[in-house]
Amino acid sequence: YLGVMPAYSAADDALTTKLVTFYEHLKDSSAPSHQATVLLFDPRDGTLRAVLDGSVITAKRTAAVSAIATKLLMPAFAEVLCILGAGVQAYSHYEIFTELFTFKEVRIWNRTKEKAEKFASSVHGPVRVCSSAEEAVVGADVIVTVTMATTPILAGDWVKPGAHINAVGASRPDWRELDDDLMKNCILFVDSREAALTESGDVILSGAEIFAELGEVLKGTKPALPEKTTVFKSLGMAIEDAVAAKFVYDAWSAG
């Protein structure tokens, strides 16, 4: 796939386009599944200001949005973080979650255990490698799913009541990470209703009702409900890339 994600923010004085290539299940490939480049333009005359590494921006802005959702939606006393998946997004989520929140335990599961063990040995802090997704999930307060799964790898039966889930993988309308039991018995938040109803298999195939966009919670027009079992379905928005790219450019210019 080749994705094109243009965005303009007058408030941030940012005009960008992100180009993303997505190649699934390449055998013996050292190239990541997602590769991206962000082009930043001057909104006044269309001049190209910068070409930025979109893969780094995508990893960091996606984890940052998950962190915002978690800050708003996680239970009051969250002690256990669970990450399902051990790719690029697992690293970026671990980095910001352990910086912003205090967890007593971090668990990880990956389809290939070697990748999970590599993750645990390369991050700064103790991580428990689990032999099954169920083992990783049971009792966890915050769960992050960052996998390439096309069928559910997280079952509602395993999830602790009141836990918060950030569902980041399964970005196609026929792909799933979460089962129907979880989707139909959670309070569902999304980054974009429009995107979720056309791109997210977890939302489309389960028929789950969207309670709110994350922006509505931030603006105070919808409640967060952290005492409930909550799911934030993240698909990513072009405006996140625009704001992040402008932030990088402004920091570079000032330096």
Side-chain angles (χ1 to χ4, degrees), residues 1-26 29-69 85-97 99-100 144-148 166-173 175 189-201 203 213-216 218-219 232-255:
Y1 300 100
L2 171 65
V4 182
M5 300 172 67
Y8 169 61
S9 170
D12 295 283
D13 190 35
L15 175 65
T16 63
T17 291
K18 184 168 78 173
L19 305 173
V20 190
T21 56
F22 173 37
Y23 283 67
E24 56 179 304
H25 309 308
L26 280 180
S29 175
S30 59
S33 59
H34 295 68
Q35 299 182 73
T37 301
V38 177
L39 307 178
L40 176 69
F41 302 92
D42 187 329
R44 290 165 294 188
D45 59 13
T47 301
L48 180 65
R49 283 177 169 175
V51 179
L52 301 102
D53 185 332
S55 297
V56 172
I57 286 176
T58 301
K60 291 188 177 293
R61 63 84 156 152
T62 303
V65 175
S66 293
I68 293 167
V88 171
Q89 287 290 350
Y91 285 90
S92 61
H93 277 75
Y94 175 88
E95 184 180 305
I96 193 167
F97 275 50
E99 180 181 336
L100 294 180
V144 180
T145 61
V146 281
T147 73
M148 290 286 287
N166 297 291
V168 180
S171 57
R172 303 286 300 164
W175 290 8
F189 298 81
V190 297
D191 45 14
S192 162
R193 273 192 179 84
E194 182 183 3
L197 292 172
T198 56
E199 298 173 25
S200 170
V203 176
E213 290 184 342
L214 192 59
E216 293 176 304
L218 288 167
K219 290 196 291 186
F232 170 58
K233 178 57 204 174
S234 170
L235 286 162
M237 301 169 69
I239 192 64
E240 297 163 7
D241 300 308
V243 172
K246 185 59 162 47
F247 181 84
V248 172
Y249 179 80
D250 286 346
W252 174 79
S253 300

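These numbers come from a predicted model, not from an experiment.
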Pairs under 3.5 angstrom only: tabulate donor-acceptor contacts from the side chains of residues 248-255 to other protein residues two or more places apart or in another chain.
from	atom 1	to	atom 2	distance (Å)
D250	OD1	K246	NZ	3.1
D250	OD2	K246	NZ	3.0
S253	OG	Y249	O	2.8

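Side-chain contact between L235 and V190: absent, with no pair of heavy atoms (C-beta onward) separated by less than 4.5 Å. Using a 4.5 Å heavy-atom threshold, the side chains of I239 and S9 count as touching. Side-chain contact between E240 and I57: absent, with no pair of heavy atoms (C-beta onward) separated by less than 4.5 Å. In this structure, K18 and T16 have side chains that are not in contact, with every pair of non-hydrogen atoms separated by 4.5 Å or more.
Rounded to the nearest 0.5 Å, atoms CG (L19) and CE (M5) are 10.5 Å apart. Between the NE2 atom in H34 and the CD atom in Q89 there is a gap of 8.5 Å [rounded to 0.5 Å]. Rounding to the nearest 0.5 angstrom, the gap separating the CG atom in L40 from the CG atom in L48 is 7.5 Å. Interatomic distance, D241 CG to T17 OG1, rounded to the nearest 0.5 Å: 10.0 Å. In this structure, CD1 in I68 is found 8.0 Å from CD1 in I96, a value given to the nearest 0.5 Å. In this structure, OG on S200 lies 4.5 Å from NZ on K233, to the nearest 0.5 angstrom.
Checked by atom type and distance alone, the side chain of S55 pairs as donor or acceptor with a backbone atom of A36 at under 3.5 Å. For the pair D191 (side chain) and S234 (backbone), a donor-acceptor distance under 3.5 Å is absent. Under a 3.5 Å cut-off, the side chain of T198 and the backbone N or O of A195 do form a donor-acceptor pair.
More than 12 heavy atoms of other residues, nucleotides or ligands shown are found within 6.0 angstrom of CZ on F22.
R172 forms a cation-pi arrangement with Y1, by the criterion of a distance under 6.0 Å to the ring centre and an angle within 45° of the ring axis.
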**Asked** Run the side chain to side chain donor-acceptor pair (under 3.5 Å) check on S66 and H93 step by step: do they pass?
**Response** CA-CA 8 Å; S66 293; H93 277 75; 2.8 Å; yes

